[in-house]
Amino acid sequence: MFAGKSIDDIKYLRPFKFINLTFRGTVEFRSICTQPIKDSMCVAAFHLGLKDKLDELEWLIEEDDVIYHKGYTAGELRKLLIQAEIPKQFNQKEICRLSNDIVDLASAGLEERCLGEEIFLNPLYERIKNHTNPGKEALRSVREGINIEKIIKDYGKLDVKV
């Protein structure tokens with residue numbers, strides 16, 4: 001792809017492009033338009049970090065008993081896990097542990113590149129620690145009566161913490 005790696009490579013980031021990554025050997029990068037603007041690099045870094053760790057990711061999924069191997073199809077799991085609250089048949093603490101393991105795998109892949117890109121995964125670690133995500137935060141803000149303009153403004157902030 002690229003002979004060298006540099007900050008200029010950012011021009012190739014397509015944050016609203018759908019590409020398809022599965023553990024079955026296909027690539028599926030979903031649109032990151034659902035991420036706060038300040039966190040859009042975390043998705044690209046996550047995928048890039050996992051790119052060379054697909055065997056380890058496949059092993060994690062094959063060995064998992066937290067989400068997978070409970071009789072649900074991938075589509076059914078998606079519908080269950082995109083709800084505002086995690087269904088009772090899943091252990092939230094264990095889901096966070098598995099999520100952390102996967103982000104750790106992505107971080108290891110980035111560390112091998114020796115470019116310091118693993119810092120872009122910090123928002124994911126923060127979400128795991130706080131058991132939240134951007135969608136959940138938006139719903140919480142709406143429930144608390146926060147003005148939609150403020151929610152949009154917060155979503156578009158560029159105050160990147162490094």
Side-chain angles (χ1 to χ4, degrees), residues 10 13-23 26-51 53-54 56-57 60-61 63-111 116-162:
I10 190 110
L13 175 67
R14 301 291 184 253
F16 299 102
K17 181 161 178 64
F18 287 97
I19 302 172
N20 286 331
L21 166 62
T22 71
F23 65 91
T26 60
V27 177
E28 179 182 1
F29 295 153
R30 297 278 179 162
S31 174
I32 65 167
C33 60
T34 57
Q35 301 298 312
I37 302 302
K38 67 182 174 49
D39 296 342
S40 61
M41 289 301 292
C42 77
V43 178
F46 177 73
H47 290 136
L48 181 62
L50 287 177
K51 179 181 74 74
K53 298 289 186 184
L54 291 178
E56 293 95 328
L57 178 60
L60 273 176
I61 292 170
E63 296 297 313
D64 172 65
D65 62 355
V66 175
I67 296 174
Y68 300 100
H69 314 298
K70 292 186 177 282
Y72 298 105
T73 66
E76 291 168 333
L77 280 172
R78 182 181 180 282
K79 286 178 185 174
L80 285 168
L81 296 173
I82 62 169
Q83 298 178 37
E85 298 301 323
I86 293 176
K88 292 183 186 334
Q89 65 262 44
F90 298 101
N91 181 317
Q92 183 169 350
K93 192 174 183 178
E94 286 299 305
I95 289 174
C96 288
R97 183 200 47 79
L98 176 63
S99 299
N100 204 83
D101 289 348
I102 293 170
V103 177
D104 282 348
L105 193 57
S107 184
L110 293 171
E111 287 170 11
E117 299 155 318
E118 57 277 4
I119 196 164
F120 292 117
L121 298 177
N122 288 347
L124 299 179
Y125 283 116
E126 200 60 32
R127 292 173 193 167
I128 292 167
K129 183 177 100 182
N130 295 324
H131 298 205
T132 193
N133 61 59
K136 207 176 217 182
E137 289 302 309
L139 288 173
R140 180 192 52 76
S141 295
V142 168
R143 276 194 310 273
E144 291 175 2
I146 295 175
N147 182 301
I148 192 69
E149 285 81 13
K150 179 171 177 5
I151 295 170
I152 293 168
K153 185 176 179 182
D154 289 345
Y155 185 85
K157 278 185 187 171
L158 290 176
D159 62 332
V160 180
K161 295 173 186 148
V162 202

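Predicted model, so just to flag it, every value in this text is computed and none were measured.
- Proximity of Ile102 to Leu50: side-chain heavy atoms (C-beta onward) are separated by under 4.5 Å at one or more points.
- The side chain to side chain donor-acceptor pair (under 3.5 Å) test with Tyr125 singles out one residue from Asp104, Asn130, Asn100, and that residue is Asp104.
- Within the 4.5 Å cutoff, the side chain of Glu56 has no heavy atoms near those of the Leu60 side chain.
- Atoms CG and CG, on Leu139 and Asn133 in that order, are 8.5 Å from each other to the nearest 0.5 Å.
- Annotation: the span from Cys96 atom SG to Lys129 atom NZ amounts to 12.5 Å, rounded to 0.5 Å.
- With sequence neighbours excluded, no residue satisfies salt bridge (Lys or Arg N to Asp or Glu O under 4.0 Å) with Lys93.
- For the residue pair Cys42 and Phe120, the shortest heavy atom distance occurs at CB-O, 2.9 Å.
- With rounding to the nearest 0.5 Å, the separation of CD1 in Ile128 from CD1 in Ile95 is 11.5 Å.
- How far CE of Met41 is from CD1 of Ile119: 12.0 Å, rounded to the nearest 0.5 Å.
- In this structure, Pro134 and Arg127 have side chains that are in contact, with non-hydrogen atoms separated by less than 4.5 Å.
- Summarising the geometry, atom NZ belonging to Lys53 is positioned 6.5 Å from atom CG belonging to Leu105; distances are rounded to the nearest 0.5 Å.
- Closest heavy-atom contact between Thr73 and Glu76: N-OE1, 2.8 Å.
- Between atom CG of residue Leu124 and atom CD of residue Glu126 there is a gap of 10.5 Å, rounded to the nearest 0.5 Å.
- By the 4.0 Å N-to-carboxylate-O rule, Asp39 lies too far from Lys157 to be salt-bridged with it.
- Nearest heavy atom pair, residue Glu137 against residue Thr132, reads OE2-OG1, 2.6 Å.
- With 3.5 Å as the limit, one finds a donor-acceptor pair spanning the side chains of Ser107 and Glu111.
- Formation of a donor-acceptor pair under 3.5 Å by the His47 side chain with backbone atoms of Ala106 is not found in this model.
- Under the salt bridge (Lys or Arg N to Asp or Glu O under 4.0 Å) criterion, Glu144 pairs with Arg140, sequence neighbours left out.
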What donor-acceptor contacts under 3.5 angstrom involve side-chain atoms of residues 80-90, with partners at least two apart or in another chain?
from	atom 1	to	atom 2	distance (Å)
Gln83	NE2	Lys79	O	3.4
Gln83	NE2	Leu80	O	3.4
Gln89	NE2	Tyr72	OH	3.0

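- Nearest heavy atom pair, residue Arg97 against residue Val66, reads NH2-CG2, 3.3 Å.
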Subject >> Derivation of the side-chain contact (heavy atoms from CB on, under 4.5 Å) call for Tyr68 and Leu77 >> reply: CA-CA 8 Å; Tyr68 300 100; Leu77 280 172; 3.8 Å; yes
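- Nearest approach of Leu48 to Glu117, heavy atoms of both residues: CD2-OE2, 4.0 Å.
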